[in-house]
Participant: 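Below is one structure. I have some questions about it.
Values below: all heavy atoms of this structure, side chains included; hydrogens, waters and symmetry mates excluded. The chains referred to below are lettered A, B, ... by the order of the sequence lines, with proteins before strands, and numbering in each begins at 1.
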2 protein chains.
Amino acid sequence: MEQAIQSTKFKNETHKAGLNILYTAWWLKTSFSQALKEYGLTHEQYNVLRILKGKHPEQMCVRDIACRMIEKSSNVPRIVDRLEIKKLVKRSVSSFDKRETMIQLTAAGLLLLEVTTKKADELFDIQLCVTDEEAKLLNELLEKLRQKEV
Amino acid sequence: MEQAIQSTKFKNETHKAGLNILYTAWWLKTSFSQALKEYGLTHEQYNVLRILKGKHPEQMCVRDIACRMIEKSSNVPRIVDRLEIKKLVKRSVSSFDKRETMIQLTAAGLLLLEVTTKKADELFDIQLCVTDEEAKLLNELLEKLRQKEV
DNA sequence: TTAATTTAGATGTATATACATGTATTGGTA
DNA sequence: TACCAATACATGTATATACATCTAAATTAA
């Protein structure tokens, strides 16, 4: 990381860990986006599809999708716009509550997701060079680090 | 994290770690941006100022700034545009190589950076709840995780 | 039942990200 | 020297992020 951001002096190890997390996330997101590119999907579009898959063939409202996104400030209606243009999802007004827009995967969306999920999972397995045990420790450390979460 | 993204089942610990890193980075970036907001700076604008500080009072060319950014795909000329409008940096053509644009902190930029750096460092110290030892371990794990870096 | 408040999501704006292209300058090569 | 490739950066485009505002529908209160 020192090499990546051309910096060797950090205030302390915690400060360095903060930058390291930001850098690692960027690195991971970049490889991920790269892998999805040949399918014409962005990282965020993939995430929405993946979330929809969790309930498929049931529909989900925009709000439910949003609260499952990793980046909470994602603008889900706009991401859905793009998926709808590509016929990967279908919008409909909820009959239960007319304010809600229900989103459902199309057959094309489901198919594309299956292929890309395989690719994405492979990427995670190949790219992330930690053992199961180390990953567990990493998860614990990250949870502890974020304990002041609001 | 499971609560944050409403998901409890992951393919394996490594997969979970990947999402955990992405989520933690988002969380960190958000608190960071929040803290900078009252100074009218974005996260990225702050980063450029901080990088310039490292060489101050010397100037730096756009390329040198870019390769020190955490997010390598940052569009530095555009970020500099915004800093220049706010009179926090000054652009000039390099006399050494007329293709290069040299960037230098102004007195206002230096002052603002000093105040915001204090805030940012405080945030890191308060927000990141790990000991020095844990941070060290976290750094090692992240470096290992990224060993397939290109 | 009407009015006020809340909620869902669409839409607008500024900035950033990711990447492609354009322009000027430089350095290498015939 | 003249030409060509490479480099530095500016600029254009599509999408995303972060946040504000708007509209319609539902809920609550008067």
Side-chain angles (χ1 to χ4, degrees), chain A residues 22-23 25-49 59-86 88-89 91-103, chain B residues 22-23 25-49 59-86 88-89 91-103:
Chain A
L22 292 174
Y23 177 70
W26 172 80
W27 169 80
L28 186 54
K29 217 149 84 167
T30 302
S31 346
F32 202 64
S33 298
Q34 202 61 37
L36 291 171
K37 217 174 142 181
E38 60 174 310
Y39 302 100
L41 283 183
T42 66
H43 177 243
E44 295 68 26
Q45 288 168 14
Y46 172 79
N47 270 333
V48 170
L49 292 181
Q59 306 184 329
M60 283 182 81
C61 72
V62 170
R63 211 184 109 76
D64 282 351
I65 298 170
C67 81
R68 282 173 173 78
M69 297 291 282
I70 292 175
E71 319 224 339
K72 296 305 174 196
S73 30
S74 292
N75 193 331
V76 176
R78 215 107 60 174
I79 298 174
V80 169
D81 284 348
R82 271 135 214 164
L83 292 172
E84 199 179 23
I85 288 167
K86 289 185 268 197
L88 301 173
V89 302
R91 264 193 174 102
S92 57
V93 175
S94 165
S95 53
F96 171 72
D97 181 337
K98 282 176 190 161
R99 290 170 304 180
E100 289 182 344
T101 302
M102 304 304 286
I103 319 292
Chain B
L22 293 173
Y23 177 70
W26 172 81
W27 170 80
L28 187 54
K29 216 149 87 168
T30 302
S31 346
F32 202 63
S33 297
Q34 203 61 37
L36 290 171
K37 217 172 140 182
E38 60 174 311
Y39 302 99
L41 283 182
T42 66
H43 176 242
E44 295 67 26
Q45 288 169 12
Y46 172 81
N47 270 333
V48 170
L49 292 180
Q59 306 183 330
M60 285 182 80
C61 73
V62 171
R63 212 184 108 75
D64 282 351
I65 298 171
C67 82
R68 282 174 174 77
M69 296 291 283
I70 291 176
E71 320 223 340
K72 296 306 174 195
S73 30
S74 292
N75 194 330
V76 176
R78 215 107 60 173
I79 298 174
V80 169
D81 283 349
R82 271 135 212 165
L83 292 172
E84 199 179 23
I85 288 167
K86 288 186 269 197
L88 300 173
V89 303
R91 263 192 175 103
S92 57
V93 175
S94 166
S95 53
F96 172 72
D97 181 338
K98 281 175 191 163
R99 290 170 304 181
E100 289 182 344
T101 302
M102 304 304 287
I103 319 291

Participant: Would you mind telling me which of dT15(C), dG9(C), dT17(C) lies closest to the side-chain atoms of Q45(B)?
Facilitator: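 Comparing dT15(C), dG9(C), dT17(C) against the side chain of Q45(B), the answer is dT15(C).
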
Participant: Is the closest basic N to carboxylate O distance between D81(A) and K86(A) below 4.0 Å?
Facilitator: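 Judged by the 4.0 Å cut-off on N to carboxylate O distance, D81(A) and K86(A) do not form a salt bridge.
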
Participant: Has the side chain of R82(B) got a donor or acceptor atom sitting under 3.5 Å from an opposite partner on the base of dT15(C)?
Facilitator: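 Looking at the base of dT15(C), it does not pair with any donor or acceptor on the side chain of R82(B) (distance under 3.5 Å).
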
Participant: Looking only at N and O atoms, is any donor in the side chain of R78(A) or the base of dG9(C) less than 3.5 Å from an acceptor on the other one?
Facilitator: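 No pair found.
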
Participant: Taking the nucleotide of DNA chain C with the closest heavy atom to each, which residue, T30(A) or K86(B), is nearer the 5' end?
Facilitator: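 Final value for this comparison: K86(B).
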
Participant: Does R63(A) make a side-chain donor-acceptor contact with the base of dT6(C), cut-off 3.5 Å?
Facilitator: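 Absent.
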
Participant: Please tell me if S74(A) has a side-chain N or O lying less than 4.0 Å from either OP1 or OP2 of dT17(D).
Facilitator: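 For dT17(D), OP1/OP2 do have a side-chain N/O of S74(A) under 4.0 Å.
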
Participant: Does atom CZ of R63(A) have more than 12 heavy-atom neighbours, drawn from other residues, nucleotides or ligands, at distances under 6.0 Å?
Facilitator: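 Incorrect, the count does not exceed 12.
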
Participant: For D97(B), report the nucleic acid contact type (base, sugar-phosphate, nothing); a contact means any heavy atom under 4.0 Å.
Facilitator: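 D97(B): backbone/sugar contact only, no base atoms under 4.0 Å.
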
Participant: Do N47(B) and L49(B) have side-chain heavy atoms sitting under 4.5 Å apart?
Facilitator: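 Side-chain contact under 4.5 Å: no.
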
Participant: I'd like to know if R99(B) reaches the base of dG27(C) with its side chain such that a donor and an acceptor end up less than 3.5 angstrom apart.
Facilitator: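 Side chain to base: no pair present.
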
Participant: One pair to check against ring-ring contact (aromatic ring centres under 6.0 Å, His included): Y39(A) and Y46(A). What are the steps and the verdict?
Facilitator: CA-CA 10 Å; Y39(A) 302 100; Y46(A) 172 79; 9.7 Å; no

Participant: Do any side-chain nitrogens or oxygens of Q34(A) fall under 4.0 Å of OP1 or OP2 in dC19(C)?
Facilitator: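 Yes, within the criterion.
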
